[in-house]
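One is the number of the first residue; the rest follow in order along the sequence. Note that this is a predicted model, so its numbers are computed, not measured.
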Amino acid sequence: MADASTIDALRSQFQSRLAAAGTDRAIKALDDEFLGRKSGSVTALMQTLKGLPQEERRAFGAAVNALKTYIEGALQEQRAALESSRPPAGSVDVTLPGRERAAGRIHPLMRVRQEVEDIFSRMGYEILEGPEVEDDYHNFEALNMPPDHPARDMQDTLYLDGPIVGGTWGAHRAGRDGRVPEAQVRAATLLRTHTSAMQIRYMKTFPPPVRILVPGRVYRRDNLDLTHTPMFQQCEGLVVGEGVSLADLKGTFEALLTGLFGDVKVRLRPSFFPYTEPSAEIDISCLFCKGKGAAVGCGVCKHTGWLEILGSGMVHPAVFEAVGYDPEKVTGFAFGMGMERVAMLKYGVDDIRLFYENDLRFLEQFPA
């Protein structure tokens, strides 16, 4: 039967449990366990009153009520103490270590482009950008590719449904009637297949000497696969002046390619481009087998020991005539290379699509 010792034991049990209750949930559990209406320990004691003799009932009931009052007060004090220990809303614990902020990274293609631009800038080149929507004249005809030229088959061009009025490099000046003079208007009908069109625009505006580099996006009708993409980045350059020779071209690219790849050998291999004559592909010694090729069975360079890196050549006289330069007085060389090709070789990437998928697992492998 319940008596004073039962109340004392329950009080002691509550006190030990209260000392360990450090959360709102633990305090709520104690409240339910001791004061719950259906199964609380104190409630159970109150229900035993009707079984006590009349003379004991009054004293025992007062003791149980005192225990209940004590437990309610103790729980309230514990809640107040817990609330006061909480930090204010929005506060910062200055003792915690700082959170490392994720730093952005330069995209590998942009990193390569910056390296190329830095090298050419140190050699005195002017860095230019041109329109990505071009007209047929600047993209093809002025580069010695008339409408029936078979070289156009080499350019898988993306043509527009309709012409866009605009065209010549620089701002148009409207006449008094507010209309642009017809001589300044060309119909832009395609997405440029190379940035060489900007070379034509520059030469038609400025006399020699010329030393320019034109990086930017270009577009071809290519399917997306391991080595092709319908939009990619090119970096094309032009040097024009008196006495410019093929030796200048080779020296320029020995400086560029050793700057990009370190200790590599450079060779010129005969090729064909409609706007250069003679034309040459420029190769570097294989970065993977160090030029040993067949001796080590290198599949990257197909056992040759060489990797193709860019196309180049001496500017065709027909191109000079199209822009008003005298091919009897000046010579020059032009070149073009894909930034993706350079980046794939430089970083050992075997799938061009990785540069455009924005996968952080790939991008975070490059220096910040």
Side-chain angles (χ1 to χ4, degrees), residues 108-109 111-120 122-123 125 151 153-156 193-196 213 215 218 220 222 225-229 232-239 244-316 332-355 366:
L109 291 180
R111 185 181 299 277
V112 168
R113 174 172 169 171
Q114 289 176 347
E115 290 183 23
V116 170
E117 290 182 0
D118 288 344
I119 292 172
F120 278 109
R122 291 194 295 269
M123 291 191 285
Y125 282 67
D153 296 336
M154 299 167 58
Q155 310 283 344
D156 296 323
T193 59
H194 44 214
T195 61
S196 300
L213 185 75
V218 298
R220 305 277 177 88
D222 283 331
D225 57 29
L226 289 174
T227 57
H228 297 86
T229 174
F232 56 98
Q233 298 190 42
Q234 271 194 338
C235 190
E236 303 194 31
L238 174 71
V239 175
V244 177
S245 68
L246 202 61
D248 298 315
L249 184 154
K250 184 177 181 183
T252 298
F253 285 102
E254 285 179 342
L256 170 68
L257 297 173
T258 54
L260 286 174
F261 299 107
D263 186 17
V264 293
K265 296 180 181 178
V266 179
R267 77 172 184 183
L268 273 64
R269 178 168 43 84
S271 185
F272 166 78
F273 301 106
Y275 36 87
T276 55
E277 180 60 37
S279 303
E281 296 280 1
I282 296 182
D283 301 333
I284 59 173
S285 53
C286 181
L287 303 171
F288 301 90
C289 68
K290 307 303 179 184
K292 296 178 181 179
V296 295
C298 180
V300 176
C301 62
K302 299 179 180 178
H303 303 176
T304 65
W306 296 94
L307 295 171
E308 176 187 332
I309 190 70
L310 60 94
S312 65
M314 303 303 293
V315 179
H316 198 290
F333 64 81
F335 57 88
M337 59 183 173
M339 292 294 95
E340 289 82 357
R341 172 70 170 167
V342 175
M344 290 173 77
L345 293 176
K346 186 175 179 67
Y347 299 121
V349 177
D350 59 2
D351 189 340
I352 195 172
R353 293 171 294 189
L354 292 171
F355 292 121
F366 299 91

Separation between [atom1] of [X] and [atom2] of [Y], rounded to the nearest 0.5 Å:
X: Met123; Y: Asp118; atom1: CE; atom2: CG; answer: 11.0 Å
X: Cys289; Y: His303; atom1: SG; atom2: NE2; answer: 9.0 Å
X: Cys298; Y: Lys290; atom1: SG; atom2: NZ; answer: 10.5 Å
X: Met337; Y: Ile282; atom1: CE; atom2: CD1; answer: 9.5 Å
X: Thr252; Y: Leu257; atom1: OG1; atom2: CG; answer: 10.5 Å
X: Phe335; Y: Cys235; atom1: CZ; atom2: SG; answer: 6.5 Å

(request) State which residue, out of Leu260, Leu310, Thr258, Leu307, fulfils the side chain to side chain contact (heavy atoms under 4.5 Å, CB included) condition with Ile284. (result)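 For Ile284, the side chain to side chain contact (heavy atoms under 4.5 Å, CB included) check succeeds only for Leu307.
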(message) Before you tell me yes or no, could you show the steps for Tyr347 and Arg111 under side-chain contact (heavy atoms from CB on, under 4.5 Å), namely the whole-Å CA-CA distance, both residues' side-chain angles and the distance that decides it to 0.1 Å?
(response) CA-CA 11 Å; Tyr347 299 121; Arg111 185 181 299 277; 3.0 Å; yes
Run the salt bridge (charged side-chain N to carboxylate O under 4.0 Å, His left out) test against [X] and tell me which residues pass, sequence neighbours left out.
X: Arg113; value: Glu117, Glu129
X: Asp351; value: Arg353
X: Lys346; value: Glu115

Shortest non-hydrogen contact from [X] toward [Y]:
X: Ser312; Y: Leu249; value: OG-CD2, 3.6 Å
X: Pro215; Y: Leu213; value: CD-O, 3.5 Å
X: Leu226; Y: Met344; value: O-CE, 4.0 Å

Counting distance only, does the side-chain N/O of [X] pair as donor-acceptor with the main-chain N or O of [Y] below 3.5 Å?
X: Arg341; Y: Glu308; value: yes
X: Gln233; Y: Glu340; value: no
X: Glu236; Y: Thr195; value: yes
X: Ser279; Y: Phe273; value: yes

Side-chain heavy atoms of [X] within contact of [Y], under 4.5 Å:
X: Thr276; Y: Phe333; answer: no
X: Phe261; Y: Ile309; answer: yes
X: Val239; Y: Tyr125; answer: yes

(request) Take Val315 and Tyr275 through the test side-chain contact (heavy atoms from CB on, under 4.5 Å) and record every step on the way to the result. (result) CA-CA 6 Å; Val315 179; Tyr275 36 87; over 6 Å; no
(request) Show the numbers, then the answer: is there a side-chain contact (heavy atoms from CB on, under 4.5 Å) between Thr229 and Phe355? (result) CA-CA 10 Å; Thr229 174; Phe355 292 121; over 6 Å; no
(message) Under a 4.0 Å threshold between the charged nitrogen and the carboxylate oxygen, would Asp156 count as salt-bridged to Arg220?
(response) no
(message) Is it the case that over 12 heavy atoms from other parts of the model lie below 6.0 angstrom from the CG atom of Asp225?
(response)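 For Asp225, atom CG is crowded (more than 12 foreign heavy atoms under 6.0 Å).
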(request) Report the C-alpha distance between Leu256 and Phe120 in whole Å, list the side-chain angles of each, state the deciding distance to 0.1 Å, and finish with yes or no for side-chain contact (heavy atoms from CB on, under 4.5 Å). (result) CA-CA 8 Å; Leu256 170 68; Phe120 278 109; 3.8 Å; yes
